Student: 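So that we are looking at the same thing, I have put the structure below in structure tokens.
Residue numbering restarts at 1 for every chain, and letters A, B, ... go by the order of the sequence lines. The structure presented is a predicted model; accordingly, all values stated were derived computationally and were not measured.
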Amino acid sequence: MTNFSELNISESTLKSVKRMGFEEATPIQEGTIKFAMEGRDIIGQAQTGTGKTAAFGIPLVEKIDPKSPNIQGLIIAPTRELAIQVSEELYKIGQDKRVKILSVYGGQEIGRQIRALKNNPHVIVGTPGRILDHINRRTLKLENVQTLILDEADEMLNMGFIEDINTIMESVPPERQTLLFSATMPTPIRKIAEKFMKTPEVVKIQSKEMTVENIEQFFVKSHEREKFDILSRVINVHQPELAIIFGRTKRRVDELSHALSIRGYLAEGIHGDLSQAKRMSVLRQFKENKIDILVATDVAARGLDISGVTHVYNYDIPQDPESYVHRIGRTGRAGKSGVAVTFVTPREMGYLRIVEETTKKRMSPLRPPSSDEALIGQQRLAVESLAEMVDKNNIGDYRAFATELLEKYEAVDVIAAALKSMTREPSDTPVSISEERPLPARKERSGGGGRSGGGGYKGNNRSSGGRSSSGSGRSSDRGPSRRTGGRDGSSSSSREGSASRGGRPRTSSRREN
DNA sequence: AAAAAAG
């Protein structure tokens with residue numbers, strides 16, 4: 001372990017770092033700061049939560065001349081939220097040295113940014129689209145940039161920014177220092193590194209920090225229409241302090257957050273169609289614990305560093321396993337433990353296996369709690385918060401009323417009544433969540449086909465005839481490989497028997513509610 | 001097929 005004071009950092013920066021509560025450098029910080037202060041180019045392989053921002057932020061701030069009016073550092077980040085987060089942390093690191101940081105990103109009035117740019121910031125943090133926009137408007141002068149940093153480079157690749165990145169990098173003087181951070185190193189990123197970097201030092205942190213070892217991973221096999229009720233029960237049993245629920249689409253997120261609010265949870269949604277102001281306010285409320293549950297699309301899956309997230313729920317299993325790793329990585333951070341629960345419909349079980357192959361870890365099946373268990377969870381919660389109020393002597397002047405009650409009733413009855421009034425009974429308020437189009441059944445190396453549309457709806461519809469919605473019966477293109485393998489069809493499982501209580505034979509009576 | 005990011 002290295003202490004920051006051993007890293008040749010200037011007094012002013014050290015002071016800021018101390019104020020932020022940092023004492024010892026994390027592995028990525030130790031490795032990066034040492035080489036970066038020597039002016040070396042660096043490839044850092046690490047995810048957020050490892051102290052990455054300070055790893056490049058400290059040497060960047062060290063290099064800034066606060067008396068110069070020029071932009072000396074440029075940082076490119078994949079999402080707006082990440083750009084904001086990075087600029088906030090850089091501001092703290094550079095506070096004592098009076099380094100001026102400016103973030104530029106889409107969704108914010110560009111005139112305001114242009115005015116702010118005239119205020120001679122030293123460091124720009126931005127998203128690719130808006131940075132390019134400013135370059136084209138000639139409102140962003142990059143000819144004095146000495147340090148260029150790519151944060152989450154592989155994410156920017158995934159999001160299709162690779163061309164933008166190339167263009168931006170070409171607009172920065174070649175005799176600069178370049179730091180590139182990426183969790184993985186796919187070929188296009190490697191190419192960028194070869195093209196734009198000078199004999200970079202590679203700083204890789206041990207795989208231990210990059211995996212998900214302190215996260216307990218569960219899955220719940222559940223049909224689409226049962227998901228929400230099971231989710232509420234699981235939440236009531238888990239009693240998460242801070243939870244993120246991921247949904248697959250923006251619409252899904254809207255409906256879920258609305259439904260949760262109806263049932264009395266403090267939940268808000270966040271996705272890319274909301275105004276930037278709304279996105280920021282939701283995130284801030286979540287960080288300040290004003291809401292307990294953040295419902296999100298993958299906009300919140302990557303990079304965001306929100307401390308204290310105890311549970312992650314994947315209401316829909318993510319398509320690609322990488323997304324899964326990013327999502328559950330929002331919990332179990334900074335050495336704390338976390339819980340991740342993933343809902344998976346029977347026909348999506350193939351995706352689950354793929355995820356498990358990627359993480360090299362099996363998920364444990366989670367039995368959906370009964371409504372009784374959910375209630376007990378709520379009651380426990382009431383007991384805890386009552387006890388906490390007593391412990392903290394947070395009783396105000398209710399003692400007189402308590403005495404009054406005790407003249408008439410048994411103490412135990414009074415307390416029981418108080419507990420009951422604090423308990424949220426499982427609500428049966430109806431909520432509506434649209435059925436999500438199921439993920440396409442995983443195709444196994446089918447060679448042929450390739451006609452547009454990919455015949456998505458190839459479900460395991462028994463051919464029960466009945467005008468399945470919207471006609472257009474394209475039953476002709478039944479794939480060549482209708483496999484019979486482990487389909488659950490008759491679901492011989494018999495555990496979690498409570499789910500199908502009424503034992504209704506699943507005949508053709510679809511859609512009757 | 002969805003989401004992110006420039007409007």
Side-chain angles (χ1 to χ4, degrees), chain A residues 48 75-86 103-114 124-140 150-168 224 244-256 269-276 278-280 283 294-304 314-327 330 345 347-348 350-351 354 434-443 449-459:
Chain A
T48 22
I75 301 169
I76 315 174
T79 66
R80 298 171 186 177
E81 275 76 12
L82 191 58
I84 293 166
Q85 183 180 292
V86 167
S103 53
V104 298
Y105 45 83
Q108 199 189 45
E109 199 196 325
I110 197 154
R112 204 175 112 192
Q113 287 176 4
I114 292 172
I124 301 296
V125 189
T127 46
R130 190 49 76 89
I131 291 177
L132 264 187
D133 196 351
H134 279 294
I135 291 176
N136 293 333
R137 289 166 188 257
R138 316 226 175 269
T139 45
L140 188 59
L150 298 185
D151 200 4
E152 309 257 331
D154 48 353
E155 289 316 321
M156 297 201 269
L157 170 72
N158 288 345
M159 291 157 77
F161 296 153
I162 203 78
E163 278 309 309
D164 295 357
I165 300 298
N166 260 292
T167 313
I168 296 171
E224 185 63 38
I244 303 181
I245 301 175
F246 284 103
R248 196 156 73 90
T249 63
K250 293 180 269 203
R251 175 182 181 183
R252 186 82 143 175
V253 165
D254 284 335
E255 292 180 348
L256 267 175
I270 186 168
H271 59 64
D273 273 1
L274 301 176
S275 74
Q276 192 56 36
K278 177 72 178 169
R279 281 163 68 166
M280 286 173 72
L283 219 48
L294 181 69
V295 189
T297 59
D298 274 332
V299 69
R302 300 154 198 264
L304 286 194
N314 292 309
Y315 195 76
D316 303 298
I317 187 167
Q319 294 85 325
D320 56 322
E322 259 187 45
S323 170
Y324 175 84
V325 175
H326 282 288
R327 285 180 179 190
R330 297 315 96 202
T345 61
R347 57 175 302 181
E348 290 167 343
Y351 284 87
I354 303 279
S434 316
E435 296 249 326
E436 192 76 349
R437 183 117 126 251
L439 289 178
R442 281 200 67 81
K443 53 172 166 251
R451 47 194 313 181
S452 71
Y457 303 90
K458 197 183 298 187

Student: Is it true that a side-chain atom of A:Thr139 and a backbone atom of A:His134 form a donor plus acceptor pair closer than 3.5 Å?
Tutor: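 Side chain of A:Thr139 to backbone of A:His134: a pair is present.
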Student: Nearest-Å distance, CZ (A:Arg80) to C1' (B:dA3)?
Tutor: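 To the nearest whole Å, that distance equals 12 Å.
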Student: Using atom CG of A:Asp154 as one end and atom P of B:dA4 as the other, report the distance to the nearest whole Å.
Tutor: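 Roughly 18 Å, once rounded to whole Å.
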Student: Between P on B:dA4 and CD1 on A:Ile84, what's the gap in Å once rounded to a whole number?
Tutor: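 Interatomic distance, CD1 of A:Ile84 to P of B:dA4: 14 Å.
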Student: Rounded to the nearest angstrom, tell me the gap between atom NZ in A:Lys250 and atom P in B:dA1.
Tutor: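 Going from A:Lys250 (NZ) to B:dA1 (P), I get 16 Å.
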Student: Nearest-Å distance, CE (A:Met159) to P (B:dA5)?
Tutor: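 Spelled out: CE on A:Met159 to P on B:dA5 is 6 Å.
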Student: Using a cut-off of 4.0 Å on non-hydrogen atoms, how would the nucleic acid contact of A:Arg279 be classed: base, sugar-phosphate, or nothing?
Tutor: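 Result for A:Arg279 = sugar-phosphate.
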Student: Output yes when at least one side-chain N/O atom of A:Arg252 is less than 4.0 Å from OP1 or OP2 of B:dA3, else no.
Tutor: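 A:Arg252 to B:dA3 OP1/OP2: no side-chain N or O under 4.0 Å.
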Student: Taking only side-chain nitrogens and oxygens of A:Thr297, does any of them come within less than 4.0 Å of OP1 or OP2 of B:dA4?
Tutor: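 A:Thr297 to B:dA4 OP1/OP2: side-chain N or O found under 4.0 Å.
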Student: Under 4.0 Å, heavy atoms only, any strand: does A:Gly160 hit a base, just the sugar-phosphate, or nothing?
Tutor: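 Nothing: the residue A:Gly160, judged by heavy atoms under 4.0 Å, touches no strand.
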Student: Could you give the CG-to-P distance, from A:Asp320 to B:dA1, as a whole number of Å?
Tutor: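 Rounding to the nearest Å, CG of A:Asp320 and P of B:dA1 are 15 Å apart.
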Student: Just by distance, with hydrogens left out, do A:His326 and A:Asp298 show a side-chain donor and acceptor under 3.5 Å apart?
Tutor: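 A:His326 vs A:Asp298: no donor-acceptor pair found between side chains.
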Student: Take the protein atom NE2 of A:His271 and the nucleotide atom P of B:dA5, then report the distance between them rounded to whole Å.
Tutor: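 Going from NE2 in A:His271 over to P in B:dA5 covers 12 Å.
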Student: Specify the separation, in whole Å, of atom OH of A:Tyr105 and atom P of B:dA5.
Tutor: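 Rounded to whole Å, this separation is 11 Å.
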Student: Taking only Lys NZ, Arg NE, NH1 and NH2, and the carboxylate oxygens of Asp or Glu, determine whether A:Arg137 and A:Asp133 approach each other closer than 4.0 Å.
Tutor: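 Yes, A:Arg137 and A:Asp133 are salt-bridged.
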Student: So, is A:Thr127 close to the B:dA6 phosphate, meaning a side-chain N or O under 4.0 Å from OP1 or OP2?
Tutor: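 Checking A:Thr127 against B:dA6: at least one side-chain N or O falls below 4.0 Å of OP1 or OP2.
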Student: Could A:Glu224 and A:Arg248 be called an ion pair, given the rule that one side-chain N must be under 4.0 Å from one carboxylate O?
Tutor: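 Salt bridge: no.
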